[in-house]
Amino acid sequence: MSVVSSGRGRESDQRTFHEFTSRGAADSATRRSRRSAGRSLRVVGLFAGIGGLEHGLSLAGHRTELLCELDESAFRVLQRQFEGVPVRRDVRKLHGLPAATELIVAGFPCQDLSQAGKTAGIEGRSSSLVGEVIRLLRSRRQARRPIPLVLFENVPFMLHLARGRALEVIISALEELGYRWAYRVVDTMAFGLPQRRERVFLVAALDEDPRGILFADRVNQPPPQVPSPSLSYGFYWTEGLRGLGTAVDAVPTLKGGSTIGIPSPPAIVLPSGDVVLPSIEDAERLQGFEEGWTSPAHEGGRPSLRWRLVGNAVSVPVAQWLGGRLADPGHPFEDSWAEPVAKNRSWPRAAWNCGGGRFGCEIGTWPVAYERIPLHEFVASTQPLSERATAGFLARLSRSNLRRPRWFDERLAAHLRRMQQARHREQADGAKQNGSRAKSRAAAASATND
Ligand SMILES: C[S@@+](CC[C@H](N)C(=O)[O-])C[C@H]1O[C@@H](n2cnc3c(N)ncnc32)[C@H](O)[C@@H]1O
């Protein structure tokens, strides 16, 4: 099964994605053979959303035994895409896990921890639900059937919010339960997808070194691309006063919400000068899902629901890479990189405590570097950003002093002119058609009168 498919220029892209998929599953033939010798874990997915984590893990050979998701539309997606796997609703009412559970995965709600959200912190109504995972771990420990592995996922802003309090709370609980832990910030761009998306992945383990899962793969991250009219430029058209959320030859992080209250896609200035909005199917592929993955959510629901679900998900190839390393951990780490973690400060991009205290380092966010398809070839949609949205964005931009390339404003202004001209043409055509309809009606009326 292909993890992602591309939009434009299908034939050549499929070849690239074939390579991508085989590399996504395993970095090379060596990695593949290592993986086949690796273990297959029994997984419980809490806060499963549309199952980005669990889908990636299953592509790496693990087995999902139970899912838990409260949201009705996400629940419907899980039921369809994970046929035969029981799906429970509310984690607060979950009083037991399958006896053979070896790995719990939990991309717990981030609304209180993200920059775009309410920033209420780990005590906020949504994000405090991570305490339910701790409750389940504790009860299994008390029953002398502890869960050997846990994987958490959340937004990197939690490393800084309230001097990293959220992580402190989670990690202290894990340490008290006897887990070694490690975390790392990972970027979806490393996996061949044109989406800039950084997320924190934290692995806690009872009997092994979690650094062998998270830190074994490292590459030299390519330098950031410089904006240029010959490359696509993704941006949030809903912003424009305080930020732009731009990305070169990529879309900025797809989100579950936006400043206009409903989830909305970022826009893209293409090298051709067109300004387009990706479709929901493009967004699914930008997250590594197959097109239509979230269509079961649609039944009876608003289309914007699908945007929220996709924006909240874990990118599938990232989960697949984690799955590969969970199956077959590698060499942990060079101890010489380590620096003790300071208390009550923002956390570093990667840290661990494997028994000798808390240490951190600035390991890169790219564990691998898969070949990437240019965004303008990846996105299939040709839907233009509307005249109204473009005009509003340009007006906000003109009042701000946000840094951006000069050609960006020029291209948007040219797009606005094209949209206005198209509207004028449509109005003129409409008026012409109305005129000729009125003429034929008058002619018909005079013929009847005769
Ligand atoms: C950040 S999303 C997880 C996304 C998921 N990892 C994926 O790849 O799609 C958090 C999810 O937690 C769910 N959630 C919130 N409260 C919950 C609860 N009490 N029980 C179960 N799920 C809950 C939300 O509906 C949301 O889908």
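Numbering of ligands and ligand atoms starts at 1, following listing order. All figures in this text were calculated on a predicted structure; none of them were measured in a lab.
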S.K.: Among protein heavy atoms, which lies nearest atom 9 (O) of ligand 1, and at what distance?
M.R.: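 The closest heavy atom on the protein side is Ile50 N, 2.9 Å.
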
S.K.: Distance under 4.0 Å to a non-hydrogen atom of Asp90: what atoms of ligand 1 satisfy this?
M.R.: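 So the atoms of ligand 1 that pass are 18 (C), 19 (N), 20 (N).
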
S.K.: Ring-plane angle category for Phe408 and Phe393, please: parallel below 30°, perpendicular beyond 60°, tilted otherwise.
M.R.: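 Judged by the thresholds at 30° and 60°, the geometry between Phe408 and Phe393 is perpendicular.
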
S.K.: Check each heavy atom of Leu129 against ligand 1 and say whether those closer than 4.0 Å belong to the side chain, the backbone, both or neither.
M.R.: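 It is the side chain that touches ligand 1; the backbone stays farther off.
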
S.K.: What protein heavy atom sits nearest atom 25 (O) of ligand 1, and how far off is it?
M.R.: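 Answer for atom 25 (O) of ligand 1: Glu69 OE2, 2.5 Å.
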
S.K.: Please check: side-chain N/O of Tyr233 versus main-chain N/O of Pro271, any donor-acceptor pairing under 3.5 Å?
M.R.: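 Side chain of Tyr233 to backbone of Pro271: no pair is present.
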
S.K.: May I ask you to identify, for Arg89, whether its side chain, its backbone, both or neither come under 4.0 Å of ligand 1 on a heavy-atom basis?
M.R.: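 Backbone only.
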
S.K.: Please check: side-chain N/O of Asp249 versus main-chain N/O of Leu375, any donor-acceptor pairing under 3.5 Å?
M.R.: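 Checking the backbone N and O of Leu375 against the side chain of Asp249, a donor-acceptor pair under 3.5 Å is found.
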
S.K.: Hey, which of Leu202, Val169, Val133 is the one that makes side chain to side chain contact (heavy atoms under 4.5 Å, CB included) with Leu174?
M.R.: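 That would be Leu202.
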
S.K.: What's the separation between atom CG in Leu57 and atom CG in Leu103, rounded to the nearest 0.5 Å?
M.R.: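 These two atoms lie 6.5 Å from each other.
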
S.K.: Against heavy atoms of Ala313, which atoms of ligand 1 measure under 4.0 Å?
M.R.: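 Near Ala313, meaning under 4.0 Å from one of its heavy atoms, ligand 1 has 7 (C), 8 (O), 9 (O).
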
S.K.: Distance under 4.0 Å to a non-hydrogen atom of Leu53: what atoms of ligand 1 satisfy this?
M.R.: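 This gives 8 (O) as the contact atoms.
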
S.K.: Hey, is CZ on Arg88 packed in by over 12 heavy atoms from elsewhere, all under 6.0 Å?
M.R.: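 Not more than 12 within 6.0 Å, no.
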
S.K.: Is there at least one pair of N or O atoms, one from Leu70 and one from ligand 1, spaced under 3.5 Å apart?
M.R.: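 N/O-N/O distance under 3.5 Å: yes.
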
S.K.: Near Asp71, which atoms of ligand 1 are under 4.0 Å from a heavy atom of that residue?
M.R.: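 Listed by number with element: 25 (O).
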
S.K.: Tell me whether the guanidinium CZ or amine NZ of Arg184 lies under 6.0 angstrom from the six-membered ring centre of Phe215 and within 45° of its axis.
M.R.: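 No; the conditions do not both hold, so Arg184 does not lie above the ring face of Phe215.
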
S.K.: What I want to find out is whether Arg138 reaches Glu176 closely enough, with some N-O distance under 4.0 Å, to be called a salt bridge.
M.R.: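 Judged by the 4.0 Å cut-off on N to carboxylate O distance, Arg138 and Glu176 do form a salt bridge.
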
S.K.: Do me a favour and list the nearest non-hydrogen protein atom to atom 20 (N) of ligand 1 with residue, atom name and distance?
M.R.: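 Ranked first by proximity to atom 20 (N) of ligand 1 is Val91 N, 2.9 Å.
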
S.K.: For the pair Asp274 and Thr382, evaluate side-chain contact (heavy atoms from CB on, under 4.5 Å) and give the outcome as yes or no after the intermediate values.
M.R.: CA-CA 9 Å; Asp274 290 341; Thr382 53; over 6 Å; no

S.K.: In the protein, which heavy atom is nearest to atom 15 (C) of ligand 1, and how far is it?
M.R.: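 The closest heavy atom on the protein side is Pro109 CG, 3.7 Å.
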
S.K.: Where is the nearest protein heavy atom to atom 14 (N) of ligand 1: which residue, which atom, and how far?
M.R.: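 Going atom by atom, the protein heavy atom closest to atom 14 (N) of ligand 1 ends up being Phe47 CD2, 3.8 Å.
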
S.K.: In terms of atom number and element, which parts of ligand 1 are under 4.0 angstrom from non-hydrogen atoms of Asn312?
M.R.: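 Under 4.0 Å from Asn312, ligand 1 has these atoms: 1 (C), 4 (C).
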
S.K.: Quick one: which of Val316, Thr294, Ile50, Leu254 gives a side chain to side chain contact (heavy atoms under 4.5 Å, CB included) with Glu284?
M.R.: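 Among the candidates, only Thr294 passes.
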
S.K.: Has Gly51 got any heavy atom lying under 4.0 angstrom from an atom of ligand 1?
M.R.: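 Yes.
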
S.K.: Report the member of Ser73, Gly52, Ala48, Gly107 with the shortest heavy-atom distance to atom 5 (C) of ligand 1.
M.R.: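 Closest candidate by heavy-atom distance is Ala48.
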
